Amino acid sequence: MNERETLKVNESGHLEIGGADCVDLAKQFGTPLYVFDEAYIRRMMRVYRDTIEKEYGGNGLVLYASKAFACEAMYRIADEEGIGADVVSGGELYTALKAGFPASKIYMHGNNKLDYELEEAISAGVRCIVADAVTEIDKIERIASEKGVVQDILLRINPGVEAHTHAYIQTAKTDSKFGFSVADGTAEKAAEYALSKAHVRLRGFHCHIGSQIFEKQSFVLAAEKCMDFAAKMKGKTGFVTEELNLGGGFGIWYTDEDRKIPPEGYAEYLEALLCAVAEKAEEKGLKRPYILVEPGRSIVGEAGITLYTVGAVKEIPGVRKYVAVDGGMFDNPRYALYQAKYTPVLAARANEEGTETVSVAGKCCESGDLVCADVRLPAAKPGDLLAVLSTGAYNYSMAMNYNRNLIPPCVLVREGKAAYIVRPQSYADLTRNDAVPEYLRKKDAKSGKE
Ligand code: LLP
């Protein structure tokens with residue numbers, strides 16, 4: 001595929017994504033609309049895949065962390081690029097399998113996988129389950145023995161590495177619902193427990209230190225601690241760590257406060273990790289483990305934008321100017337959850353400098369429903385097309401129907417042409433699962449059959 005810049009401003013002063021003019025996209029598909037550049041997604045997948053190939057002799061696999069953005073087309077792209085996927089629920093597993101994604105390249109995560117999710121994963125023959133509780137090891141043992149199979153697992157460990165990011169997204173502190181702590185010995189006990197089971201085969205360990213992290217050193221430190229733990233386990237029990245899964249978490253550009261890393265630049269992060277693992281293996285006399293990494297945000301985040309239409313513009317003199325759009329926290333809850341920052345652009349006047357500071361508000365009945373706060377924009381008026389950048393990850397996947405707003409559709413742009421990968425919701429979708437008990441039914445109501 002042609003590798004062009006994901007975003008550019010064309011001769012008409014319009015924002016383009018993957019060669020498609022945003023003004024045309026809005027005309028064709030309406031707003032709000034999520035738009036993804038296929039070339040960027042593929043390029044990112046290849047950067048990670050090729051780095052493992054070149055720097056580590058291909059002894060590993062990239063798993064797309066599909067929680068960042070899951071739909072059938074995304075699993076198709078990952079499959080075509082020859083990478084694996086991590087899933088964290090029965091729903092993600094179902095979507096992947098429906099898209100024809102090979103179970104042999106699926107890893108299943110989750111701090112509280114439900115019985116039926118484990119059943120589904122084991123029946124499907126997923127490559128590996130990442131166990132996150134002793135009771136879960138028991139459940140896997142039971143289900144696998146009932147099915148007469150042996151299930152490969154990794155153990156999620158918490159190496160206790162602090163990474164600089166928003167507290168809610170941080171997952172390897174001592175106080176975490178994820179993993180078994182290395183420091184207090186529970187990781188060691190859990191590993192010994194897993195080793196005692198007949199239908200569970202412990203392959204190694206997994207850690208994920210958090211998300212939207214730029215410090216290479218945090219990743220390296222976590223990798224080293226995992227290898228130290230592997231050495232300790234080998235010394236104590238003779239267990240050989242065959243696989244090490246180092247999670248995801250590489251940061252992306254949202255605003256100019258973030259580093260802007262070109263796709264190929266992410267190779268450095270992976271190289272640093274692979275190098276740290278290889279060195280530790282040498283130092284401790286360990287076999288070099290098969291390496292897995294699980295990037296999500298960095299694969300799809302900068303590939304996506306959201307297009308909105310400006311509606312009400314309200315100025316509160318001396319306080320703030322609100323530019324309200326036809327979306328909001330129902331398509332992007334990240335400001336409401338994490339005070340996340342974004343860069344908005346008036347897509348039909350993309351060359352114009354920002355002349356005022358405004359807050360982009362959503363249309364939900366909620367004061368905290370902002371898409372971005374205190375951003376610079378040219379004077380926006382009703383009808384203007386507003387693009388918010390870097391919304392490819394954790395936007396659609398976290399969208400909801402609050403206020404019974406419709407979750408926007410997603411289109412994928414390839415060579416300048418867009419096609420739906422998630423079709424628009426309809427009002428009928430909103431009431432599809434509603435049920436009205438007999439005694440509440442209105443005789444002449446449209447929905448009632450009487
Ligand atoms: N592997 C595991 C086990 C994870 O928990 C995660 C993300 C990833 C991989 C992928 O991390 P990434 O490369 O995307 O940073 N909703 C939050 C992000 C939550 C991330 C959860 N785990 C947000 O909107 O920022």
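Values in this document were obtained by computation on a predicted structure and should not be read as measured data. Every number for a ligand or one of its atoms is a count from 1 in the order of the listing.
Numbered from 1 in the order shown, with element, the atoms of ligand 1 that lie under 4.0 Å from a heavy atom of Met398 read 16 (N), 24 (O). Annotation for ligand 1: atoms under 4.0 Å from non-hydrogen atoms of Arg334 are 23 (C), 24 (O), 25 (O). For ligand 1, the atoms lying closer than 4.0 Å to a non-hydrogen atom of Tyr338 are 16 (N), 17 (C), 23 (C), 24 (O), 25 (O). Residue Arg156 has at least one heavy-atom neighbour below 4.0 Å for each of these atoms of ligand 1: 3 (C). Near Gly296, meaning under 4.0 Å from any of its heavy atoms, are these atoms of ligand 1: 12 (P), 13 (O), 14 (O). Taking every heavy atom of Ala65 and a limit of under 4.0 angstrom, the matching atoms of ligand 1 come to 8 (C), 9 (C), 10 (C). Counting atoms of ligand 1 from 1 in the listed order, those under 4.0 Å from a heavy atom of Gly249 are 11 (O), 12 (P), 13 (O), 15 (O). For ligand 1, the atoms closer than 4.0 angstrom to any heavy atom of His206 are 3 (C).
Salt-bridge annotation for Asp228 and Lys225: absent, with no side-chain N of the basic residue lying under 4.0 Å from a carboxylate O of the acidic one. Between Glu282 and Arg288 there is no salt bridge, since no side-chain N of the basic residue sits under 4.0 Å from a carboxylate O of the acidic one. Taking a cutoff of 4.0 Å between a charged side-chain nitrogen and a carboxylate oxygen, Asp138 and Lys197 qualify as a salt bridge. Taking the charged nitrogens against the carboxylate oxygens, Lys280 and Glu283 do have a contact shorter than 4.0 Å, which makes a salt bridge.
Between Tyr266 and Phe250, the two ring planes are tilted [angle within 30° to 60°].
Not a single donor-acceptor pair under 3.5 Å links the side chain of Ser123 to the backbone N or O of Glu120.
With a 4.0 Å heavy-atom cut-off, ligand 1 is reached by the backbone of Pro295 but not by any atom from C-beta on. Under 4.0 Å from ligand 1, the heavy atoms of Asp86 that appear belong solely to its side chain. Here Phe178 has no heavy atoms under 4.0 Å from ligand 1, in either its backbone or its side chain.
Between Tyr394 and Phe69, the distance from one ring center to the other does not fall under 6.0 angstrom. His109 and His208 have their aromatic ring centers separated by at least 6.0 angstrom.
Of the candidates His109, Glu294, Lys67, Lys67 brings a heavy atom nearest to atom 4 (C) of ligand 1.
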